[in-house]
Amino acid sequence: QVQLVESGGGLVQAGGSLRLSCAASGRTFYDMGWFRQAPGKEREYVARITRSATITDYSDSVKGRFTISRDNAKNTVYLQMNSLKPEDTAVYLCAAVAYPDIWSEKAQDYDYWGQGTQVTVSS
């Protein structure tokens, strides 16, 4: 049974840091990514990483502040978030691709999704 389970969200002051984790199980996952969605807004791409973890990519809004990584021995992907801003407040969702060489920032290209974890940044 395929599962993606996020953890690590919470309330943090502007300028602070959080590390999100996504525990994946049930199959081999190729590209993995993080998305976020705030109330009244479209789901927004945040970051992605290849199976080998040799290539990463970030949206312009988080570049230089967030770092995506993965540990395939633990079947876990991470999102380290530093210098958090109130506009980072959203539900953060972990996503995975079931096939190799997709490499996309489009939500519709991801096959599996976690339940989401809330991140709230206060000013």
Side-chain angles (χ1 to χ4, degrees):
Q1 188 169 359
V2 172
Q3 285 187 299
L4 301 176
V5 181
E6 300 100 331
S7 61
L11 175 65
V12 65
Q13 188 176 341
S17 298
L18 285 172
R19 183 167 64 184
L20 307 183
S21 298
C22 173
S25 61
R27 74 176 326 280
T28 297
F29 303 100
Y30 291 91
D31 301 336
M32 296 190 71
W34 288 94
F35 293 76
R36 65 189 184 186
Q37 190 161 22
K41 297 185 68 175
E42 294 285 319
R43 186 167 296 179
E44 178 187 12
Y45 165 74
V46 175
R48 54 186 161 157
I49 188 168
T50 57
R51 172 70 179 174
S52 65
T54 55
I55 306 173
T56 58
D57 181 76
Y58 303 89
S59 68
D60 288 342
S61 63
V62 309
K63 192 170 297 181
R65 300 187 298 121
F66 291 11
T67 303
I68 188 171
S69 61
R70 69 192 293 172
D71 183 341
N72 290 337
K74 295 182 177 180
N75 296 314
T76 302
V77 63
Y78 304 94
L79 186 69
Q80 177 68 46
M81 305 185 295
N82 298 327
S83 302
L84 283 161
K85 305 173 181 179
E87 51 262 47
D88 295 318
T89 295
V91 173
Y92 282 72
L93 298 147
C94 176
V97 180
Y99 305 95
D101 302 315
I102 301 301
W103 198 235
S104 176
E105 64 182 63
K106 298 178 180 178
Q108 53 264 45
D109 289 330
Y110 289 75
D111 302 290
Y112 303 104
W113 293 84
Q115 80 285 1
T117 186
Q118 177 71 45
V119 171
T120 303
V121 184
S122 63
S123 59

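What you are looking at is a predicted structure, and each value in this text was computed from that prediction instead of being measured.
- Of all heavy-atom pairs spanning S21 and T76, the tightest one is CB-CG2, 4.3 Å.
- Counting only heavy atoms from C-beta outward, the side chains of D101 and Y99 never approach each other to under 4.5 Å.
- Contacts of D88 classified as salt bridge (charged side-chain N to carboxylate O under 4.0 Å, His left out), with partners at least two apart in sequence or in another chain: R36, R65.
- In this view, K41 and A38 satisfy the side chain to side chain contact (heavy atoms under 4.5 Å, CB included) rule, not counting sequence neighbours.
- Residue E42 qualifies as open at atom CD: its count of foreign heavy atoms under 6.0 Å is 12 or below.
- Other cluster members for W34: V2, L4, V12, L18, L20, F29, M32, V46, I49, Y58, V62, F66, I68, V77, L79, M81, L84, Y92, Y112, V119, V121, joined by side-chain heavy-atom distances under 4.5 Å among Ile, Leu, Val, Met, Phe, Trp and Tyr.
- Remark: S59 engages S61 in a side chain to side chain donor-acceptor pair (under 3.5 Å) (not counting sequence neighbours).
- Residue pairs that meet the disulfide (SG to SG under 2.5 Å) test with at least one member in residues 30-80, sequence neighbours left out, do not exist here.
- For E105, there are no side chain to side chain donor-acceptor pair (under 3.5 Å) partners, not counting sequence neighbours.
- Considering all non-hydrogen atoms of both residues, A53 and R70 come closest at CB-CG, 3.9 Å.
- For N75, the side chain to side chain contact (heavy atoms under 4.5 Å, CB included) criterion is met by no residue, not counting sequence neighbours.
- For E87, the CD atom sits in a packed shell: over 12 heavy atoms of surrounding residues, nucleotides or ligands are nearer than 6.0 Å.
- Under the rule for a ring pair (Phe, Tyr, Trp, His ring centres under 6.0 Å), Y78 has no partner lying at least two apart in sequence or in another chain.
- Interatomic distance, CG of D111 versus CZ of R27, reported as 7.5 Å (0.5 Å rounding).
- With hydrogens and angles disregarded, no donor-acceptor distance shorter than 3.5 Å links the side chain of Q37 to the backbone of A90.
- Applying the salt bridge (charged side-chain N to carboxylate O under 4.0 Å, His left out) rule to D60 yields the partners K63; only residues at least two apart in sequence or on another chain are considered.
- Residue-environment remark: CZ (R19) stays at or below the threshold of 12 foreign heavy atoms within 6.0 Å.
- For the atom pair S104 OG and D31 CG, the distance stands at 8.5 Å (nearest 0.5 Å).
- A 4.5 Å side-chain heavy-atom check between R51 and N72 finds at least one atom pair inside the cut-off.
- Side chains of D57 and Y45: a donor on one and an acceptor on the other come within 3.5 Å.
- Contact detail for S83 and S17: the closest heavy-atom pair is N-OG, 4.3 Å.
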Practice problem: List the steps, then state whether side-chain contact (heavy atoms from CB on, under 4.5 Å) holds for T89 with Q118. | Solution: CA-CA 8 Å; T89 295; Q118 177 71 45; 4.0 Å; yes

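- The disulfide (SG to SG under 2.5 Å) contacts involving residues 22-102 comprise C22-C94, where partners must be two or more places apart or lie in separate chains.
- Summarising the hydrophobic clusters (Ile, Leu, Val, Met, Phe, Trp, Tyr; side-chain heavy atoms under 4.5 Å, direct or chained), the residues clustered with W103 are I55.
- Partners of W113 according to the ring pair (Phe, Tyr, Trp, His ring centres under 6.0 Å) rule, which considers only residues two or more places apart in sequence or in another chain, are F35.
- With rounding to the nearest 0.5 Å, the separation of CD in Q1 from OG in S25 is 8.0 Å.
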